[in-house]
Amino acid sequence: MSTARITSKRRSPSYGWWLFAVLAVGTAAYSVPVYLTGNESQSKIPLNPDVALHYLILGIHALPGGLLLALGPIQFVPAWRNKYRKTHRVLGRVYMVSMVIASVAALFAATFSEDGFPAQVGFYILTAAWLYSMVQAYRTIRKGQVQLHRIWMIRNYALSFAAVVLRVFLLIGLALRSRFDWLSFEDVYTTSVWGSILISAGVAEWFIVQRTLKPLARSRKRPADAQEQTAGKGIGKEEPAAV
């Protein structure tokens with residue numbers, strides 16, 4: 001098999017990527033439309049009755065949040081990214097602006113949340129990490145540090161994908177709650193919030209180490225090994241005797 005075929009296979013989206021993309025787009029398609037109707041009764045999140053603008057704030061968070069969730073997967077396809085660099089940069093800017101708007105709205109949404117203080121703290125930490133990773137991603141690409149930019153974007157999108165993991169955990173938690181009466185909705189929601197954050201961040205770090213840093217270390221080690229082998233060929237050879 002030729003090197004070109006191996007490279008193309010490695011750059012093609014895997015089954016894992018397709019699952020990842022379908023979950024992201026599906027979550028965006030499920031979560032966003034209810035905030036386009038203007039009908040507060042359709043809100044997926046309990047509204048604070050003392051805050052008239054709570055539904056609007058959730059909509060401001062959901063619309064750009066759904067957009068960046070759907071945009072993210074294609075940005076991580078090397079073949080597409082390398083072929084359409086300008087489009088990649090444009091979508092990157094759209095992603096960044098959407099994330100900033102969504103994160104600011106998320107701070108207000110967490111403040112007015114009816115889901116308890118522990119969940120609020122989780123959302124505050126998530127939003128802070130979300131903004132910090134985006135700042136680092138922007139700073140590194142401005143300096144031309146492409147590899148570091150990709151690492152920070154993996155972290156950033158993993159935190160975005162926590163929204164998907166949260167909904168999966170909620171489905172599991174609500175199914176368990178139907179069988180165990182002692183489980184309250186607040187318990188399920190708080191556990192889902194913290195679990196989605198920790199697992200998303202942990203998987204991102206694992207992916208960075210296994211799929212980015214280790215291959216990079218191996219590629220840098222090969223030239224050094226080749227130099228050592230070349231240098232080692234002369235070791236042990238006797239100098240020709242003088243006549």
Side-chain angles (χ1 to χ4, degrees), residues 14 16-17 19-28 30-31 44-46 58 61-62 64-66 68-73 75-76 95-96 98-100 102-137 140 148-180 182-214:
S14 63
W17 180 90
L19 175 62
F20 168 75
V22 168
L23 286 173
V25 174
T27 299
Y30 172 77
S31 303
K44 301 295 184 183
I45 297 174
L58 289 174
H61 168 70
L68 67 89
L69 200 59
L71 285 178
Q75 293 288 80
F76 290 102
Y95 180 100
M96 181 176 68
S98 299
M99 201 228 76
V100 171
S103 61
V104 172
L107 290 174
F108 286 99
T111 302
F112 302 139
S113 173
E114 291 280 281
D115 299 308
F117 182 70
Q120 286 178 312
V121 173
F123 283 128
Y124 286 141
I125 292 174
L126 172 62
T127 304
W130 207 20
L131 283 168
Y132 178 78
S133 58
M134 176 52 69
V135 169
Q136 293 300 319
T140 50
L148 282 175
H149 169 73
R150 289 175 184 169
I151 288 172
W152 280 110
M153 282 309 302
I154 291 171
R155 289 171 175 150
N156 183 271
Y157 190 74
L159 296 174
S160 302
F161 200 77
V164 179
V165 182
L166 169 62
R167 283 157 178 81
V168 173
F169 283 173
L170 277 175
L171 289 175
I172 296 172
L174 292 175
L176 291 173
R177 186 167 176 257
S178 65
R179 299 189 62 182
F180 301 101
W182 50 269
L183 271 177
S184 67
F185 178 78
E186 185 175 331
D187 293 333
V188 170
Y189 193 80
T190 301
T191 303
S192 299
V193 168
W194 281 96
S196 65
I197 296 169
L198 295 175
I199 288 180
S200 297
V203 170
E205 295 306 315
W206 177 87
F207 187 89
I208 288 168
V209 171
Q210 297 296 325
R211 302 294 296 274
T212 303
L213 296 182
K214 280 190 175 181

field: Glu114: salt bridge (charged side-chain N to carboxylate O under 4.0 Å, His left out) partners, not counting sequence neighbours
entry: none
task: Using a 4.5 Å cut-off on heavy atoms from C-beta on, say whether the side chain of Leu213 contacts that of Ile151.
output: yes
- request: Mind telling me whether Tyr189 and Phe123 have parallel, tilted or perpendicular rings, with 30° and 60° as the class edges?
  value: tilted
Shortest non-hydrogen contact between Gly65 and Leu68, atoms and distance: O-CG, 3.4 Å
- prompt: Distance from Arg155 atom CZ to Trp152 atom CH2, nearest 0.5 Å?
  reply: 4.5 Å
- prompt: CG of Leu174 to CG of Leu183: how many Å apart, nearest 0.5 Å?
  reply: 10.0 Å
- prompt: Which heavy atom of Ser192 sits nearest a heavy atom of Leu170, and at what distance?
  reply: OG-N, 3.6 Å
- line: Hits for side-chain contact (heavy atoms from CB on, under 4.5 Å) against Ile154, two or more places apart or cross-chain, chain-then-number order -> Phe76, Ala204, Phe207, Ile208, Thr212
query: About how many Å separate OH of Tyr132 and OG of Ser103, when rounded to the nearest 0.5 Å?
result: 15.5 Å
message: Nearest 0.5 Å, please: how far is OG in Ser98 from CG in Leu71?
response: 7.0 Å
field: side chain to side chain donor-acceptor pair (under 3.5 Å) partners of Gln75, counting only residues at least two apart
entry: His88
field: Partners meeting ring pair (Phe, Tyr, Trp, His ring centres under 6.0 Å) with Tyr124 (sequence neighbours left out)
entry: none
Contacts of type side chain to side chain donor-acceptor pair (under 3.5 Å), residue Ser113, not counting sequence neighbours: Asp115
- request: Please report the closest heavy-atom contact between Met153 and Ala137, naming both atoms and the distance.
  value: SD-CB, 3.5 Å
task: First locate atom OG of Ser31, then atom CG of Leu58, and finally report the distance between them rounded to the nearest 0.5 Å.
output: 11.0 Å
Would you give me the side-chain donor-acceptor pairs under 3.5 Å for residues 157-165, sequence neighbours excluded?
| residue | atom | partner | partner atom | Å |
| --- | --- | --- | --- | --- |
| Tyr157 | OH | Leu69 | O | 2.5 |
| Ser160 | OG | Tyr95 | OH | 3.0 |
| Ser160 | OG | Trp130 | NE1 | 2.9 |
| Ser160 | OG | Asn156 | O | 3.3 |

message: I'd like to know whether CZ of Phe185 has more than 12 heavy-atom contacts from other residues, nucleotides or ligands below 6.0 angstrom.
response: yes
- request: Working to the nearest 0.5 Å, report the span between CG of Leu166 and CH2 of Trp194.
  value: 13.0 Å
message: Show the nearest heavy-atom pair for residues Arg167 and Thr27, with the distance to one decimal.
response: CD-CG2, 3.5 Å
- request: Taking all non-hydrogen atoms of both residues into account, name the closest pair between Thr191 and Asp187 and its distance.
  value: OG1-O, 2.8 Å
